[in-house]
Amino acid sequence: MSYGVFQEYFTSDWTFQGNQGATGVIGTTTNGVMYLSMPFLFALFTKRWARYRQTAAICGTILTTLSFLLSSFSTQTWHLIATQGVLAALGCALIYSPTTLSLGEWFTNSNRAVAYGVVLSCKNIVGSCCPFLVRSMLDAYGFRTTMRIWAAIVAGTSFLAIFLIPAHPSSLSTTSPRARRIPWNFLRHRTIYIYSIAIILQSSGYGIPQTYLNTYAHEVTLLSQSSATLLLTLFNIPGIASSAFFGYLSDNKHFPLSATTVTSISALCSALAAFLFWGLTSQGSMGLLVLFSITFGFFAGGYSATWGGVINELESEAARSNEAIDTGMLYGLLNGARGIGYVSGGLASVALLKAGGEASIGGFGYGTTYGPLIVFTGLSSVFGGWGLLWRWKKVPGLLRWV
């Protein structure tokens, strides 16, 4: 969530061998690898290996710490991609997956979305503080010492936190092997595919501002490094509230909204922020960039908190069909869809940035090297709410039935 600080740092202090532009994929690759591995890890630890959850999280902490430590010795671009983009991400996934499974088991479907939202808000608290912390360390100590300090922070905080999240007793029950198998009946319903495609599309654009907003503010709008870092902090701060807010919307019983409606609110509003605020910025227009960071950070940052409502809807669908469903495994698959989006968005961003340097497509931010990235971010956000079109398509049939 703070990788944009490193991306901006590399543009002014490049000491590695290899293509500097390739560093743009590190942040999105980190998220992509982490989320892509989650379906497999959730499948492993949902039942059969539930008793090994804390052990896996400890192994993940060791892997993450060693990866950041190794990255401090990097001399080439691919070293950074391998250590930070792949190995550290796998370690983080080993921490996140077992602990999140336990969280989902401790909360029922009546408040699961709120629980997920509150926990997801915590990542935004860290994402709001770290840009200035990382920027200060980079300025004071340089890249290599910063990574070694960060490795120590990861080790110190993770080991302490892992033991605060025990597995739910239901996951440790010694029932027959037949009862411990994961039910896959939900794959026969198209609802899971509707939401998975929406998540892939939304995630492909969500990681782009996190990577390039700092560099854009510094190069295009000519803001200082501290102002550019502030934008990344403002990008993450709204997610503290939005994750809990969208979780509440998904669980709200007084004015119930479908999961499709809640995801569409997040997707469409974040798309408008990209098109109207980021796309219309010009030299010195910090105000619009601040508006973009706050609005896009709020609506796009709360998108993953809508998954609690998605899981509730799929759980209800399974109940109507008298089918079993494993909500932990389902959450892992949705995270996997997010990983596909992150990776594809990261790969596309390099090509889009290159295309932006060759042709202009209009004025303001659209006419800069980052123009194609802005358009891609807005369009991917729009299609993140495409499930609403699927709902509307069903309305005429329902009316004819009435």
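Ring pair F245/F298 is tilted by interplanar angle, where 30° to 60° counts as tilted. Ring geometry for F6 against F143 counts as perpendicular: the plane angle is over 60°, on a 0 to 90° scale with 30° as the lower cut.
Screening residues 83-96 for side-chain hydrogen bond (donor to acceptor under 3.5 Å, both in side chains), with sequence neighbours left out, gives Y96-Y331. Applying the side-chain hydrogen bond (donor to acceptor under 3.5 Å, both in side chains) test to residues at least two apart or on different chains, none of the pairs has a partner in residues 287-308. The salt bridge (Lys or Arg N to Asp or Glu O under 4.0 Å) analysis of residues 56-68, with sequence neighbours excluded, yields no pairs. Pairs of residues two or more places apart, or lying in two chains, that qualify as salt bridge (Lys or Arg N to Asp or Glu O under 4.0 Å) and include a residue from residues 125-139 are E8-R135, R135-D139.
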In residues 154-167, what donor-acceptor pairs under 3.5 Å come from side-chain atoms, sequence neighbours left out?
| from | atom 1 | to | atom 2 | distance (Å) |
| --- | --- | --- | --- | --- |
| T157 | OG1 | I153 | O | 2.8 |
| T157 | OG1 | V154 | O | 3.4 |
| S158 | OG | V154 | O | 2.8 |

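For the atom pair CD1 (I294) and OG (S242), the distance works out to 12.5 Å, reported to the nearest 0.5 Å. In this structure, I200 CD1 and S380 OG are separated by 12.5 Å, a value rounded to the nearest 0.5 Å. Remark: M286 CE to T221 OG1 distance equals 8.5 Å, nearest 0.5 Å. To the nearest 0.5 Å, atom OG of residue S224 and atom NE2 of residue H218 are 8.5 Å apart. Distance check: I81 CD1 to N19 CG gives 8.5 Å after rounding to the nearest 0.5 Å. Taking CD1 of I265 as the start and CG of L249 as the end, the distance is 6.0 Å to the nearest 0.5 Å.
Partners of E323 by side chain to side chain donor-acceptor pair (under 3.5 Å), not counting sequence neighbours, listed by chain and number: R188, H189. Judged as a side chain to side chain donor-acceptor pair (under 3.5 Å), and not counting sequence neighbours, the contacts of Y216 are T281. Applying the side-chain contact (heavy atoms from CB on, under 4.5 Å) criterion to L314, with sequence neighbours excluded, gives T191, I192, V310, E317, I325, L330. The side-chain contact (heavy atoms from CB on, under 4.5 Å) check on L201 picks up I197, F383, with sequence neighbours excluded. By the side chain to side chain donor-acceptor pair (under 3.5 Å) test, T23 is found to be paired with Q7, residues two or more places apart in sequence or in another chain being considered. Legend: residues meeting side-chain contact (heavy atoms from CB on, under 4.5 Å) with P209, ordered by chain and number and at least two apart, are F235, W278, F292, F296, T377. Contacts of L63 classified as side-chain contact (heavy atoms from CB on, under 4.5 Å), with partners at least two apart in sequence or in another chain: S67, L90.
Between L133 and C129 the shortest side-chain heavy-atom distance does not fall below 4.5 Å. The side-chain heavy atoms of N124 and S243, taken from C-beta on, include a pair separated by under 4.5 Å. At least one side-chain heavy atom of S204 sits less than 4.5 Å from a side-chain heavy atom of F376. Counting only heavy atoms from C-beta outward, the side chains of M38 and R338 never approach each other to under 4.5 Å. Using a 4.5 Å heavy-atom cutoff, the side chains of L138 and D13 are not in contact. Using a 4.5 Å cut-off on side-chain heavy atoms (C-beta onward), V5 and F132 make no contact. By the 4.5 Å heavy-atom criterion applied to side chains, F42 and S37 are not counted as neighbours.
A side-chain donor-acceptor contact under 3.5 Å links T61 to the backbone of A57. S72 contributes a side-chain N or O that, together with a main-chain N or O of L69, makes up a donor-acceptor pair within less than 3.5 Å. Checked by atom type and distance alone, the side chain of N322 never pairs as donor or acceptor with a backbone atom of A318 at under 3.5 Å. Listed for the R53 side chain is a donor-acceptor partner under 3.5 Å among the backbone atoms of F45. With hydrogens and angles disregarded, a donor-acceptor distance shorter than 3.5 Å links the side chain of T368 to the backbone of Y370. When atom types are taken as modelled, the side chain of S349 and the backbone of I208 share no donor-acceptor pair closer than 3.5 angstrom. Looking at S121, its side chain does come within 3.5 Å of a backbone N or O of I240 through a donor-acceptor pair. Side chain of W14 to backbone of F16: a donor-acceptor contact under 3.5 angstrom is found.
Other residues, nucleotides and ligands contribute more than 12 heavy atoms inside 6.0 Å of the OH atom of Y193.
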For L70 and H79, what are the C-alpha separation, side-chain angles and deciding distance, and is it a side chain to side chain contact (heavy atoms under 4.5 Å, CB included)?
-> CA-CA 9 Å; L70 286 173; H79 293 165; over 6 Å; no

Test side-chain hydrogen bond (donor to acceptor under 3.5 Å, both in side chains) on T261 and S264 and set out the steps.
-> CA-CA 5 Å; T261 302; S264 297; over 6 Å; no

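Checked against T29 for a side chain to side chain contact (heavy atoms under 4.5 Å, CB included), the options I26, N31, V33 give a single hit: V33.
Contact record, G346 with V25: O-CG1, 3.7 Å, taken as the closest heavy-atom pair. In terms of heavy-atom proximity, L80 sits nearest to S71 at CD2-O, 4.2 Å. Across all non-hydrogen atoms, the minimal contact from S2 to P131 is OG-CD, 3.5 Å. Contact detail for Y195 and A259: the closest heavy-atom pair is OH-CB, 3.5 Å. Counting all heavy atoms, side chain and backbone alike, A93 lies closest to P98 at O-CD, 4.0 Å. Across Y141 and I149, no two heavy atoms sit closer than the pair CD1-CD1, 4.0 Å.
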